[in-house]
Amino acid sequence: MTSSTDNVRVRFAPSPTGDLHVGGVRTALFTYLFARQNEGTFILRIEDTDQARYDESSITSITESLRWIGLDWDEGPDVGGPAGPYFQSQRLDLYRKYVDKLLAEDYAYECYCSPERLAQLREEQRKAGRPPGYDRHCRNLTDEQRQEYRDQGIKPVVRLKVPLDGTTSGMDLLRGPISFENGKLEDAVLLKSDGYPTYHLAVVVDDKEMGITHVTRGEEWIPSMPLHLILWDAFGWDRPVFVHMPVILKPDGKGKLSKRDGAASMLALRDEGYLHEAVLNYLAMVGWAYDDHTEIFSKEDLIEKFSLERVSPSPARFNYEKLEWMNQHYINHIIPVEDLASRVVPLLVEQGLVDEVPPGSDTEKLVTEAVGLIKDKMKFLTEGPDLISYFLTEPPDYDTSLLVPRKTEPAEALRGLEAARDVISEIGVDDEEEVEKRLRALAEEVGLKVGQLFMPIRVAVTGRTASPGLFETLRVVNKERSIARMNRAIEKLKSEVSVAAD
RNA sequence: GCCCCCAUGGUCUAGCGGCCGAGGACGCCACCCUUUCAAGGUGGAGAUCGCGGGUUCGAAUCCCGCUGGGGGUACCA
């Protein structure tokens with residue numbers, strides 16, 4: 001058994017019952033990488049067979065999530081394809097056809113048991129400490145009995161006639177042989193009374209119809225693998241390769257990540273300011289590694305180096321700290337600053353810090369420069385606007401005490417600031433080296449440590465105590481605005497000093 | 001309860017019989033750099049490779065049992 005095959009056709013098949021979360025996306029990603037690397041076909045199929053849980057908005061949420069992170073599909077919703085339709089709800093006739101075949105060949109049977117009876121059965125089994133399961137009540141109904149139920153207007157479900165003994169075994173690419181005792185299996189429902197198939201029937205039929213070569217999915221599906229195997233065999237079809245991906249656990253390891261863990265939703269990550277490149281890279285690293293030291297991979301790198309066989313079979317916890325680090329790393333070291341700035345721009349407009357940023361404009365240049373200066377402090381895209389705000393607009397009022405460093409008198413801060421303003425008025429801010437030289441000399445002249453002189457200037461110009469290097473900050477803010485802001489600070493300090501003198 | 005899967009530092013992992021007195025990353029600590037905050041650099045703490053049996057000249061690596069964790073047990077996927 002090998003995973004590098006010709007004509008690879010794989011699919012990601014989510015059900016539209018909510019937002020896509022990182023676990024699902026990771027499975028999609030591995031499937032996608034495998035397809036691209038083998039020049040195969042990646043299909044998106046929507047498994048909308050549950051009328052009750054169906055949520056239309058999640059279809060866009062799913063496609064948006066996949067597109068955001070860069071997983072494009074060759075066949076599926078929006079793009080079509082030769083094996084469509086790609087919504088299971090539009091393939092009902094097909095499932096009916098195959099179910100009839102199963103019925104005719106005695107691989108399945110109609111069951112008229114009511115949901116109430118089944119619930120009661122389970123309850124009794126639970127009380128008696130017996131394993132829950134269908135009691136095969138309808139497995140051997142006579143034609144007369146069936147007709148009787150039908151006459152009562154009861155719509156049957158169709159169940160799989162699982163062999164009573166023996167074992168069903170199959171191979172999992174990551175785990176090797178897995179076998180199950182038939183005696184422990186249930187006569188699972190294949191077709192519901194509303195005419196919709198269950199997952200078990202639909203996957204098998206569609207995977208066959210769509211020519212899927214490798215069935216990739218989460219490991220929560222391992223327990224139903226024997227049912228699917230029995231179906232593949234019953235239809236007389238060659239079994240595909242099965243690959244069950246490890247689940248992703250909650251950060252505390254207690255249970256698998258679910259849609260309840262809000263932040264784990266793809267779209268939530270996007271809205272929180274994560275870069276799709278970082279999320280993609282991080283997700284690829286949970287459950288897979290290329291070697292003992294490489295961990296930064298672009299999508300292209302992954303397509304080249306990914307290997308399905310190297311996916312670890314053991315579950316892994318979702319680690320927000322590592323993702324955050326990855327995001328920060330991408331912001332600070334991987335994404336070109338122009339690109340980064342262009343992603344911050346929409347947020348600036350949204351928050352009203354700028355009206356518009358036409359390509360090639362001075363504003364664009366300013367934003368790009370500002371982003372370049374603060375990117376080492378930016379962990380999330382969403383922090384961008386605040387971090388560069390003072391390059392674009394006047395800083396809001398701040399506490400005067402910020403202008404006075406520790407072990408420094410307000411009067412000293414004031415004296416330093418006035419002198420610094422005069423220096424800048426004289427030489428401007430464009431020559432960073434010169435400004436630094438003059439201000440360092442100035443510190444000595446006025447008898448202040450560099451920190452005692454620089455901090456008041458920093459606060460005056462940015463309105464805060466943390467900023468990029470002073471001289472580059474002054475340069476980008478520009479001479480005129482720097483001086484105005486320093487004057488404003490000088491006025492604040494003056495009133496402080498006079499109050500103190502009273 | 002029953003079935004199935006998994007098992008290397010707190011977390012993600014490298015390791016596929018000798019190169020391992022276990023390597024990398026995140027996190028944590030210290031130091032360096034330094035005009036602030038970061039970023040960066042250097043170093044450090046942290047794993048009897050879950051436990052117990054085997055197999056072998058030799059096991060983190062193979063086998064069995066146990067324990068622990070996870071998954072499944074619906075006319076949900």
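So that the names make sense, note that chain A is the first sequence line, chain B the second, and so on, each numbered from 1.
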Quick one: is A:K256 getting a side-chain N or O under 4.0 Å of the B:rG72 phosphate, OP1 or OP2? yes

Rounded off to whole Å, could you give me the CG-to-P distance for the A:L191 and B:rA77 pair? 11 Å

B:rU35 pairs with which nucleotide, Watson-Crick or G-U wobble, both distances below 3.5 Å? none

Please determine, for the side chain of A:D292, which listed nucleotide (B:rA77, B:rG27, B:rG23) has the closest atom? B:rG23

On the side chain of A:S193, is there an atom forming a donor-acceptor pair with the base of B:rC75 - under 3.5 Å, no angle test? yes

Using OP1 and OP2 only, check whether a side-chain N or O of A:H244 sits under 4.0 Å from B:rG71. no

Can you check whether A:R126 has a side-chain N or O nearer than 4.0 Å to OP1 or OP2 of B:rA74? no

Nearest-angstrom distance, P atom, B:rG68 to B:rG50: 16 Å

Grab the NZ-P distance between A:K127 and B:rG1 for me, whole Å please. 20 Å

Nearest to the A:L118 side chain among B:rC75, B:rG24, B:rC76, which nucleotide is it? B:rC75

CE of A:M326 versus P of B:rC12: gap in Å, rounded? 14 Å

Which one, B:rC6, B:rA77, B:rC4, comes nearest to the side chain of A:P313? B:rC6

Counting N and O atoms only, with roles assigned by atom type, does the side chain of A:R26 sit under 3.5 Å from a partner on the main chain of A:L283, one being a donor and the other an acceptor? no

Side-chain N or O of A:K379 less than 4.0 angstrom from OP1 or OP2 on B:rC26? no

Roughly how far apart, to the nearest Å, are B:rG43 and B:rU48 at atom P? 25 Å

Approximate separation, where rounding is to 0.5 Å, of A:R415 CZ and A:L417 CG: 12.0 Å

Can a salt bridge be assigned to the pair A:E436 and A:R440 using a cut-off of 4.0 Å between side-chain N and carboxylate O? yes

Within less than 4.0 Å of OP1 or OP2 of B:rA77, is there a side-chain N or O belonging to A:T49? yes

Could you tell me whether the side chain of A:M326 reaches within less than 4.5 Å of the side chain of A:I296, counting heavy atoms only? yes

Give a yes/no on whether any side-chain N or O of A:R159 is located under 4.0 angstrom from OP1 or OP2 of B:rC75. yes

Mate of B:rG27 across any strand shown (Watson-Crick or G-U wobble, both atom pairs under 3.5 Å) is none

How close or far is atom P of B:rC37 from atom CG of A:N332, stated in whole angstroms? 17 Å

If we count only N and O atoms by modelled type, under 3.5 Å, do the side chains of A:Q120 and A:E124 hold a donor and an acceptor together? yes

Given the P atoms of B:rG23 and B:rA60, what is the spacing between them in whole Å? 14 Å

Quick check: any donor-acceptor pair below 3.5 Å linking the side-chain of A:K184 to the base of B:rC2? no

Figure out the CG/C1' separation between A:D55 and B:rC76, and round it to whole Å. 14 Å

Checking only heavy atoms, does the side chain of A:R317 share a donor-acceptor pair with the base of B:rU11 at less than 3.5 Å? no

Whole-Å P distance, B:rC49 and B:rC62: 15 Å

Rounded P spacing from B:rU8 to B:rG41 in Å: 29 Å

With rounding to the closest Å, how many angstrom separate the C1' atoms on B:rC28 and B:rU36? 24 Å

Donor-acceptor pair under 3.5 Å: do we get one between A:R53's side chain and the base of B:rC76? yes

Could you check whether A:R175 pairs with A:E219 (Lys NZ or Arg NE/NH1/NH2 to Asp/Glu carboxylate O, under 4.0 Å)? yes

Between the side chains of A:R139 and A:D187, is the shortest nitrogen-to-carboxylate-oxygen separation below 4.0 Å, so that they form an ion pair? yes

If we take the C1' atom in both B:rC29 and B:rU73, what is their distance in whole Å? 47 Å

In whole Å, measure the gap between the P atoms of B:rA25 and B:rU42 for me. 10 Å

Nearest-neighbour nucleotide for the A:P132 side chain, B:rG70, B:rC26, B:rA74 considered: B:rA74

Check whether any side-chain nitrogen or oxygen of A:R122 sits under 4.0 Å from OP1 or OP2 of B:rC75, and answer yes or no. yes

